[in-house]
Amino acid sequence: MYSLLKPCKTSAAFEAIPRERFSLDLDRCEEILRPVCTIVAHAGVLLIVNDRCEVSIHRDGRLILKTDVQDLAMEQAGRIAGWLDGTDAMRKHCNSRGPEQRPRN
């Protein structure tokens with residue numbers, strides 16, 4: 001689900017970037033994650049949970065993992081992905097183009 005894990009420029013954290021475009025229903029994410037994570041805050045535009053490290057979950061699927069240990073960040077991103085992938089919390093976006101955006105020949 002996540003293809004890129006890169007260090008954040010402004011803090012001791014890593015950012016996980018989704019492989020494909022999707023959006024998350026953060027209310028539904030909270031319901032799914034509540035039994036397995038501590039819910040720290042739900043600010044509407046992001047959900048903050050704590051499992052092995054603190055994770056900010058954004059509507060566009062990005063994760064900010066607050067740790068300076070890359071292996072821990074990778075493991076935590078995998079855990080979050082495992083809990084959410086395939087659930088109704090994820091809304092995949094179509095990559096199709098409308099008629100006005102067709103390539104010219």
Side-chain angles (χ1 to χ4, degrees):
M1 190 159 130
Y2 292 94
S3 62
L4 179 62
L5 193 66
K6 65 179 187 174
C8 286
K9 296 175 184 172
T10 58
S11 65
F14 288 88
E15 182 177 19
I17 309 295
R19 257 184 234 134
E20 298 177 17
R21 282 190 65 209
F22 62 87
S23 60
L24 291 171
D25 176 338
L26 296 179
D27 292 328
R28 186 68 185 115
C29 289
E30 181 178 4
E31 292 172 10
I32 292 167
L33 296 175
R34 184 174 300 284
V36 292
C37 294
T38 301
I39 305 299
V40 176
H42 185 173
V45 296
L46 64 92
L47 176 66
I48 302 172
V49 301
N50 199 337
D51 179 38
R52 303 226 167 120
C53 66
E54 188 173 283
V55 183
S56 298
I57 303 171
H58 295 259
R59 285 185 189 166
D60 64 2
R62 287 178 303 120
L63 304 178
I64 305 297
L65 302 117
K66 294 184 182 176
T67 179
D68 57 357
V69 180
Q70 185 172 6
D71 289 343
L72 176 60
M74 288 173 51
E75 178 186 346
Q76 184 65 72
R79 289 170 63 84
I80 297 289
W83 290 321
L84 297 179
D85 195 21
T87 69
D88 60 350
M90 292 183 65
R91 298 181 188 131
K92 297 201 178 191
H93 294 263
C94 295
N95 290 330
S96 61
R97 297 184 223 180
E100 70 281 353
Q101 297 177 345
R102 289 194 180 137
R104 296 179 190 165
N105 292 333

Exercise for the section: Taking all heavy atoms of Trp83 and all of Leu33, pick out the closest pair and write down the distance. Expected result: CE3-CD2, 3.6 Å
Completion exercise
Those residues at least two apart in sequence (or on a different chain) that pass salt bridge (charged side-chain N to carboxylate O under 4.0 Å, His left out) with Asp25 are Arg91
Completion exercise
For Glu31, the side chain to side chain contact (heavy atoms under 4.5 Å, CB included) test, sequence neighbours excluded, returns Arg28
Handout entry: Gap separating the CZ atom of Arg34 from the CD1 atom of Ile39, nearest 0.5 angstrom
Key = 5.0 Å
Problem - Pairing residues for Asn50 by the side chain to side chain donor-acceptor pair (under 3.5 Å) criterion, not counting sequence neighbours - result: none
Practice task
Working to the nearest 0.5 Å, report the span between OG1 of Thr67 and CG of Leu72.
Solution key: 4.5 Å
Exercise for the section: Examine Val49 and Val36 and state if one hydrophobic cluster contains both, with Ile, Leu, Val, Met, Phe, Trp and Tyr joined whenever side-chain heavy atoms are less than 4.5 Å apart. Expected result: yes
Problem - Set of side chain to side chain donor-acceptor pair (under 3.5 Å) partners for Asp51, sequence neighbours left out - result: Gln76, Arg79
Problem - Sequence-distant partners of Ile48, side chain to side chain contact (heavy atoms under 4.5 Å, CB included), two or more places apart - result: Val40, Ala41, Leu46, Glu54, Ser56
Exercise for the section: Drop me the distance from Cys37's SG to Ile57's CD1, to the nearest 0.5 angstrom. Expected result: 7.0 Å
Problem - Inter-residue atom distance Asp85.CG - Phe22.CZ, 0.5 Å rounding - result: 8.0 Å
Completion exercise
Between Ala73 and Leu65, the two heavy atoms sitting closest are O-CD2, 3.7 Å
Problem - For Ala89 against Ile32, the heavy-atom pair lying closest together - result: CB-CD1, 3.8 Å
Problem - CZ on Arg62 to CG on Leu24, rounded to 0.5 Å - result: 11.0 Å
Completion exercise
Closest non-hydrogen atoms of Leu26 and Gly44, given as atom of the first, atom of the second and distance, are CD1-O, 3.6 Å
Exercise for the section: May I have the step-by-step check of side-chain contact (heavy atoms from CB on, under 4.5 Å) for Asp60 and Ser23, ending in yes or no? Expected result: CA-CA 5 Å; Asp60 64 2; Ser23 60; over 6 Å; no
Handout entry: Close side-chain approach of Leu47 to Arg59, heavy-atom, < 4.5 Å
Key = no
